[in-house]
4 protein chains.
Amino acid sequence: MERGVKKTSRAERKARRPHEILEAAFEEFAAKGYAATRVEDIATRLRITKGTVYLYFPTKDVLFQEMFRHAATSSADLSTAIGCLRGSCAERIRDLLLIAYENTANDRKTRELLRLSVAEGARLPEMVDCRHELFIAPTLAALTALVKEGVKSGELRQDTAADTPDVLASSIFQVAAWRLMSADREPIDGKALMESHIDLVMHGLVQPSGRMA
Amino acid sequence: MERGVKKTSRAERKARRPHEILEAAFEEFAAKGYAATRVEDIATRLRITKGTVYLYFPTKDVLFQEMFRHAATSSADLSTAIGCLRGSCAERIRDLLLIAYENTANDRKTRELLRLSVAEGARLPEMVDCRHELFIAPTLAALTALVKEGVKSGELRQDTAADTPDVLASSIFQVAAWRLMSADREPIDGKALMESHIDLVMHGLVQPSGRMA
Amino acid sequence: MERGVKKTSRAERKARRPHEILEAAFEEFAAKGYAATRVEDIATRLRITKGTVYLYFPTKDVLFQEMFRHAATSSADLSTAIGCLRGSCAERIRDLLLIAYENTANDRKTRELLRLSVAEGARLPEMVDCRHELFIAPTLAALTALVKEGVKSGELRQDTAADTPDVLASSIFQVAAWRLMSADREPIDGKALMESHIDLVMHGLVQPSGRMA
Amino acid sequence: MERGVKKTSRAERKARRPHEILEAAFEEFAAKGYAATRVEDIATRLRITKGTVYLYFPTKDVLFQEMFRHAATSSADLSTAIGCLRGSCAERIRDLLLIAYENTANDRKTRELLRLSVAEGARLPEMVDCRHELFIAPTLAALTALVKEGVKSGELRQDTAADTPDVLASSIFQVAAWRLMSADREPIDGKALMESHIDLVMHGLVQPSGRMA
DNA sequence: CATGAATGAGTTTTCATTCAT
DNA sequence: CATGAATGAAAACTCATTCAT
């Protein structure tokens, strides 16, 4: 009962509660969706009771929205990673796509946010916007900048694709969608698929000799 | 009682009911998800009462599953289209991708089935398998065959991408995901994006001269 | 299609309908009770539809009551049997009790009416009165007359029992109650029990020698 | 907030709730039968709401079964009474039958359990078995033992009735059945009828002198 | 007459939310 | 702070009854 014994004092516990609840809410909402999740399920996961959840969040709806925001911001460390890219444009694009892949399709948390965005998107547009601002927009901006730079320097082709560089990221969605639907029943090698995709968009499928002729 | 007045006789009405209900169920379930949709909403959409819905489907759950199967099969006419492809391998791949795009990302019905697969997929694996068999599998099979043929004839590069031809279809998912999330608030030109993607994967982003050196 | 071929003409069928429905209603109500029986169950038993039942009976409630009355009157042929009794008073009492047993505890129909009287009796007092008039009252009247006659002639003891001759019939209820509850899972030899009971009430359990002393 | 005002604290209330609900359920189910009783009726009787009932019992069906078990066990104090019998065999049999009468036919609770057993017996065989074990079996066992003892000591006749001593208890069922059906509209003097019955089975209806000849 | 599609009032059950302890 | 008993509004599902054919 001395102070040193309890690693988590009451005060600490209290301070952590909202965070814990948001984490538990994430798990439950992601697994069952908004409507099918009961506030009590979330509480039970933390071995507390419904009432306690309502001490920190006024309604289920607010809890859901804060959970989403919390989950989204807590895993959004793309920008720092983007700043560290080095090498040729092609190399940096490649690395950027791999980073985006790791953060979007390969990270369970971000992937489940995508699921929620798709499932409840019509109900809560802010959710989608939130995801967009934090994940999509920075990645696209970086991609656009990189392609532009590469075209300017002559490293990359000046082509229709240069205008919509987001297509470069398409396979990320493919892997994410696959994982969300198959629920790990048929796992795919996402990284290998990403590498294939990058190789493909970099060098094309058609024989270059054909183009030379 | 004159002939012209009542176009729909009792028998006709009855014959159409299951179909009507499945259509209405599709709209409601797609818009709000399984749990948040009330059977009464589906009924009201048809100006009938809950009871009538239960005359044709024993439970909400069965209604959902039959709705999914119905919606999936009613829009699956890919295989016939696939059989009509003509031209070089590259051309046929291009056309195939555009067809798949039209059927998956651009068709509201199929797109909403994707949403349901993502949203309720964990709950109902058969749904996902159903979608896979009807949409994904045939497309991938056709793509694989085309790439193999192209590589053999020398038209296409023998490369890593040839082993996982499904990456060719990745942008379809991207467009679909985008549309599902933005709910038409920020429409994108899917066809243009598809064209860009096809152009990209066909000819590559990197300057061919660079590869020659 | 000739007249002779159809054994049951349409008219005959029609005339029999109410009777058939009442019989079917008896089976269903007896098996499940009033509230748990659906009008459709009754119709299905006759391979007709609900609507047809309502053609003959305005409500479920009326159907129930008429079913009860019909079932009760159709099996009430006690009085004729009572008139045929012959022999000494003791013999006639014995035979009367055996007849009453056959008609009340051993006859499925009458037994089920007892079940309904007990189950729904509070709801429908007329039912009970109906049963009483048709079964109980005549039997008791006959019993009373027989006991009175026997006492007068000196064949039977003048005792308290002579005042409430209905106790003579008590084991009928016992067998009936047993059968209603055990639902044939533990059949009992009702006739043997009745014989025992009759023997008992006739000659007593206590050693007569004890009384002589 | 003074002590005297709130006799029932929250904890007390909660501890009593299951018991209260079972009692209320007994009243409602006994009065209207399983199917015709609404969970809300049970709640209203306690001035609480449906929801509260479901806090303690998961379904109406479970509530019914637990109610039955509760009511059956709460009124089963036969065995102690049976142990206190004194006097000659005939006296003890007499007293035993009167006790059984008090507990079965004359006790409203037990009588209503008989009604439920008859009414819903086909649906729930365990109910009947439960009643049998708690009421019928011990009484019959005691009766059998007493008759056997009496026959051995010569106090009682060795006769057919000695083999099926349950007929001794038959009038209990008669009184119970009568009360269940007449619903107190035509009250009978159960005790007098029991006394008559006991007298009858003890000494017989037929003149003993007749037997001596 | 007979049908069975349709209705709508009712019943069981669930769950977000409140609040006394 | 935390609890969990209680509520009440809602949702799934049922069924007696009606009525157009």
Side-chain angles (χ1 to χ4, degrees), chain A residues 10-11 13-14 17 35-44 46-63, chain B residues 1 6 9-15 17 35-43 46-63, chain C residues 10-11 13-14 17 35-44 46-63, chain D residues 1 6 9-15 17 35-43 46-63:
Chain A
R10 223 160 292 182
R13 181 114 240 156
K14 213 189 305 183
R17 268 286 142 81
T37 295
R38 303 179 319 155
V39 173
E40 191 156 23
D41 294 338
I42 297 168
T44 303
L46 295 171
R47 294 176 213 268
I48 60 177
T49 60
K50 282 177 301 191
T52 308
V53 174
Y54 279 93
L55 285 175
Y56 297 92
F57 303 93
T59 66
K60 183 185 175 184
D61 206 87
V62 167
L63 173 56
Chain B
M1 295 297 176
K6 277 216 175 181
S9 76
R10 194 105 170 286
E12 282 176 300
R13 185 107 247 171
K14 197 218 154 160
R17 269 285 137 85
T37 295
R38 301 180 318 152
V39 173
E40 191 156 25
D41 295 337
I42 297 168
L46 296 169
R47 293 176 213 270
I48 60 179
T49 60
K50 293 186 293 246
T52 306
V53 174
Y54 280 97
L55 233 47
Y56 296 89
F57 302 94
T59 65
K60 183 184 173 183
D61 207 86
V62 166
L63 173 56
Chain C
R10 225 161 290 184
R13 183 113 240 159
K14 215 188 303 184
R17 268 285 141 81
T37 295
R38 304 179 317 157
V39 174
E40 190 156 24
D41 295 337
I42 297 168
T44 303
L46 295 171
R47 294 177 213 266
I48 60 176
T49 61
K50 283 177 299 191
T52 307
V53 175
Y54 279 93
L55 238 42
Y56 297 92
F57 302 93
T59 66
K60 183 184 174 183
D61 207 86
V62 166
L63 173 56
Chain D
M1 295 296 176
K6 278 217 173 180
S9 76
R10 194 106 170 286
E12 283 176 299
R13 184 107 248 173
K14 196 216 155 162
R17 269 285 136 83
T37 296
R38 302 179 316 151
V39 174
E40 190 155 26
D41 295 337
I42 297 168
L46 296 170
R47 293 176 213 269
I48 60 179
T49 59
K50 292 183 295 235
T52 305
V53 175
Y54 280 96
L55 234 46
Y56 296 90
F57 301 93
T59 64
K60 182 184 176 183
D61 206 87
V62 166
L63 174 56

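Here is the naming used below: chain letters follow the sequence lines, and residue numbers restart at 1 for every chain. The basis for the numbers below is simple: all heavy atoms, side chains too, and nothing from hydrogens, waters or symmetry mates.
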Self-check item: E:dA20: pairing nucleotide in any strand, Watson-Crick or G-U under 3.5 angstrom
Solution: F:dT3

Self-check item: Nucleotide paired to F:dA11 in any strand shown, Watson-Crick or G-U, under 3.5 Å
Solution: E:dT12

What is the distance from [atom1] of [X] to [atom2] of [N], rounded to the nearest Å?
X     : N      : atom1 : atom2 : answer
B:L63 : F:dA11 : CG    : C1'   : 15 Å
D:Y54 : F:dA9  : OH    : C1'   : 15 Å
A:L46 : F:dT3  : CG    : C1'   : 15 Å
C:R38 : E:dG4  : CZ    : C1'   : 14 Å
B:D61 : F:dA11 : CG    : C1'   : 15 Å
D:K60 : F:dT14 : NZ    : C1'   : 12 Å
B:E40 : E:dA6  : CD    : P     : 16 Å
A:R47 : F:dT3  : CZ    : C1'   : 17 Å

Exercise. Verify the contact: side-chain N or O of A:T49 to OP1 or OP2 of F:dT3, cut-off strictly under 4.0 Å; return yes or no.
Key: yes

Exercise. Return no unless some side-chain N or O of C:Y56 is found under 4.0 Å from OP1 or OP2 of E:dA2.
Key: yes

Show the nearest heavy-atom pair for residues [X] and [Y], with the distance to one decimal.
X     : Y     : result
D:T59 : D:Y54 : CA-CE2, 4.1 Å
B:K60 : B:A35 : NZ-O, 3.6 Å
A:A43 : A:V53 : CB-CG2, 3.8 Å

Quiz item: Is there a side chain to side chain contact (heavy atoms under 4.5 Å, CB included) between A:I42 and A:L63 once you walk through the steps?
Solution: CA-CA 11 Å; A:I42 297 168; A:L63 173 56; 3.9 Å; yes

Quiz prompt | Given DNA chain F, 5'-ward residue of the pair C:A36 and D:L55, judged by closest heavy atom | solution = D:L55

Quiz item: Between A:I48 and C:T59, which has a closest nucleotide on DNA chain F that is more 5'?
Solution: A:I48

Quiz item: Would you say the base of F:dT17 and the side-chain of C:K50 have a donor-acceptor pair closer than 3.5 Å?
Solution: yes

Self-check item: Point-to-point distance, once rounded to the nearest 0.5 Å, from CZ of C:R17 to CD1 of C:I48
Solution: 5.0 Å

Quiz item: Quick one: on DNA chain E, does D:V39 or B:G51 contact a more 5' nucleotide (nearest heavy atom)?
Solution: B:G51

